[in-house]
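Below is one structure. I have some questions about it.
Only heavy atoms go into these numbers, but all of them, side chains included; no hydrogens, no water, no symmetry mates. Remember, it's 1-based here, ligands and their atoms both numbered in the order they're listed.
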Amino acid sequence: MLGAASAGFGFVPRRALAAGTADVLPPVPQLTHQHDIIAVNSVTIDRPLVALTFDDGPHPEHTPRLLDILKDRKVTATFYLIGRSVRAFPDVARRIAAEGHEIGNHTWSHPELWNLGDYDVLREIDRTNEIIWRTVGLLPVTMRPPYGAITRYQSRMLHDSRLLPTVMWSVDPSDYRRPGPDVVASRIVTKASNGAIVLAHDIHGPTVTAMPATIDGLRERGFGFASMSSLLGWEKWGRVQMAAVEEPEWPDDDD
Ligand SMILES: [Zn+2]
């Protein structure tokens with residue numbers, strides 16, 4: 001059973017940070033949910049629901065255009081954001097969250113994780129969680145490895161140490177090869193099935209252009225749209241799955 005511990009949410013005010021640290025911000029909280037999922041390609045459900053997921057944003061032009069389309073058609077999606085792009089385009093990241101979409105962790109610099117050691121993998125994930133937290137005030141509850149390049153061991157490590165299941169996909173229109181909007185839309189619509197996770201990229205203009213026909217085509221086939229959390233049967237993405245970290249024992253800095 002996928003339960004979520006409902007921990008209280010709040011902050012312990014932090015004492016003054018070291019000189020030279022400009023921002024005095026609450027510490028990055030920790031996830032408190034416990035899920036037995038380590039990695040998924042799709043979700044076994046008998047309801048006609050799919051998750052649209054968009055990787056590699058936020059993009060300053062294409063992502064807002066996509067958000068307009070999703071709002072117009074009342075579709076909730078999940079965005080796997082790159083940390084350094086969140087830093088570059090924070091307003092777009094904030095808009096994604098403000099409009100009810102879910103944000104997942106797609107690493108800081110988009111490397112092939114399976115080439116990296118544990119320290120570097122965790123740093124890619126932690127930096128990204130931190131910038132998302134500082135930008136939108138929410139933490140990702142799943143991660144997606146760039147190129148799908150992650151080892152079973154690494155997925156287990158991220159699950160065990162960061163409570164982040166790995167979300168792969170079951171429908172890939174290969175939109176990054178730029179086959180054109182019509183092909184992208186028809187590939188997604190024909191390959192979709194109950195519980196499918198659709199991979200797309202909102203850094204590509206033609207992918208965004210394909211979305212109205214994609215959404216309409218999926219609806220004609222009877223599908224509805226779920227965020228990753230709701231497709232997995234979890235609580236709605238938000239703060240309920242987080243708890244403030246313990247205040248660390250800071251060295252006495254009064255002198
Ligand atoms: Zn990517």
Side-chain angles (χ1 to χ4, degrees), residues 38-42 50-67 69-70 77-90 92-93 95-97 101-116 120-133 135-136 139-152 154-155 157-159 162 164-179 181 183-184 187-188 191 196-211 214 227-229 231 237:
I38 292 172
V40 290
N41 286 89
S42 62
V50 299
L52 295 182
T53 67
F54 296 95
D55 288 11
D56 297 355
H59 185 280
E61 292 147 30
H62 301 316
T63 305
R65 189 159 66 89
L66 172 60
L67 289 169
I69 292 166
L70 297 175
T78 301
F79 290 77
Y80 286 96
L81 300 185
I82 296 174
R84 64 185 179 191
S85 297
V86 174
R87 186 175 63 182
F89 309 111
V92 183
R95 187 181 159 194
I96 290 170
H101 304 291
E102 182 166 334
I103 293 174
N105 188 319
H106 197 45
T107 75
W108 180 264
S109 64
H110 210 263
E112 293 186 16
L113 293 178
W114 58 26
N115 291 330
L116 302 183
D120 291 328
V121 169
L122 291 173
R123 182 162 166 76
E124 285 280 336
I125 295 300
D126 289 347
R127 286 185 81 187
T128 303
N129 267 1
E130 180 173 15
I131 192 72
I132 291 171
W133 164 250
T135 304
V136 309
L139 271 183
V141 294
T142 63
M143 67 82 59
R144 171 169 287 157
Y147 319 103
I150 191 167
T151 67
R152 184 187 300 248
Q154 289 172 328
S155 280
M157 175 181 73
L158 292 176
H159 171 270
R162 297 297 185 270
L164 287 175
T166 298
V167 171
M168 306 294 259
W169 54 86
S170 59
V171 175
D172 178 6
S174 297
D175 62 326
Y176 61 94
R177 295 180 194 272
R178 297 178 176 271
V183 174
V184 170
R187 282 177 179 168
I188 294 172
K191 290 177 188 168
I197 300 170
V198 178
L199 172 67
H201 298 82
D202 55 324
I203 52 166
H204 296 315
T207 298
V208 175
T209 302
M211 282 305 118
T214 302
S227 68
M228 268 319 304
S229 285
L231 193 70
W237 183 59

- Task: Indicate if the distance from the Zn ion (ligand 1) to the nearest N, O or S atom of Asp55 falls below 2.8 Å.
- Result: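 Coordinating: no.
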- Task: Report the C-alpha distance between Arg162 and Asp126 in whole Å, list the side-chain angles of each, state the deciding distance to 0.1 Å, and finish with yes or no for salt bridge (Lys or Arg N to Asp or Glu O under 4.0 Å).
- Result: CA-CA 9 Å; Arg162 297 297 185 270; Asp126 289 347; 2.7 Å; yes
- Message: I'd like to know if the Zn ion (ligand 1) has an N/O/S atom from His110 within less than 2.8 Å of it, counting both backbone and side-chain atoms.
- Response: yes
- Query: Under the 3.5 angstrom rule, does the side chain of Glu124 hit a backbone N or O of Pro111 as a donor-acceptor pair?
  - Reply: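 Checking the backbone N and O of Pro111 against the side chain of Glu124, no donor-acceptor pair under 3.5 Å is found.
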- Give the name of the N/O/S atom in Asp56 that lies closest to the Zn ion (ligand 1). OD1
- If only atom types and distance count, is the side chain of His101 paired as donor or acceptor with the main-chain N or O of Ala77 below 3.5 Å? yes
- Query: Judged by atom type as modelled, is there a donor-acceptor pair below 3.5 Å linking the side chain of Arg144 to the main-chain atoms of Val167?
  - Reply: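 A pair under 3.5 Å: yes.
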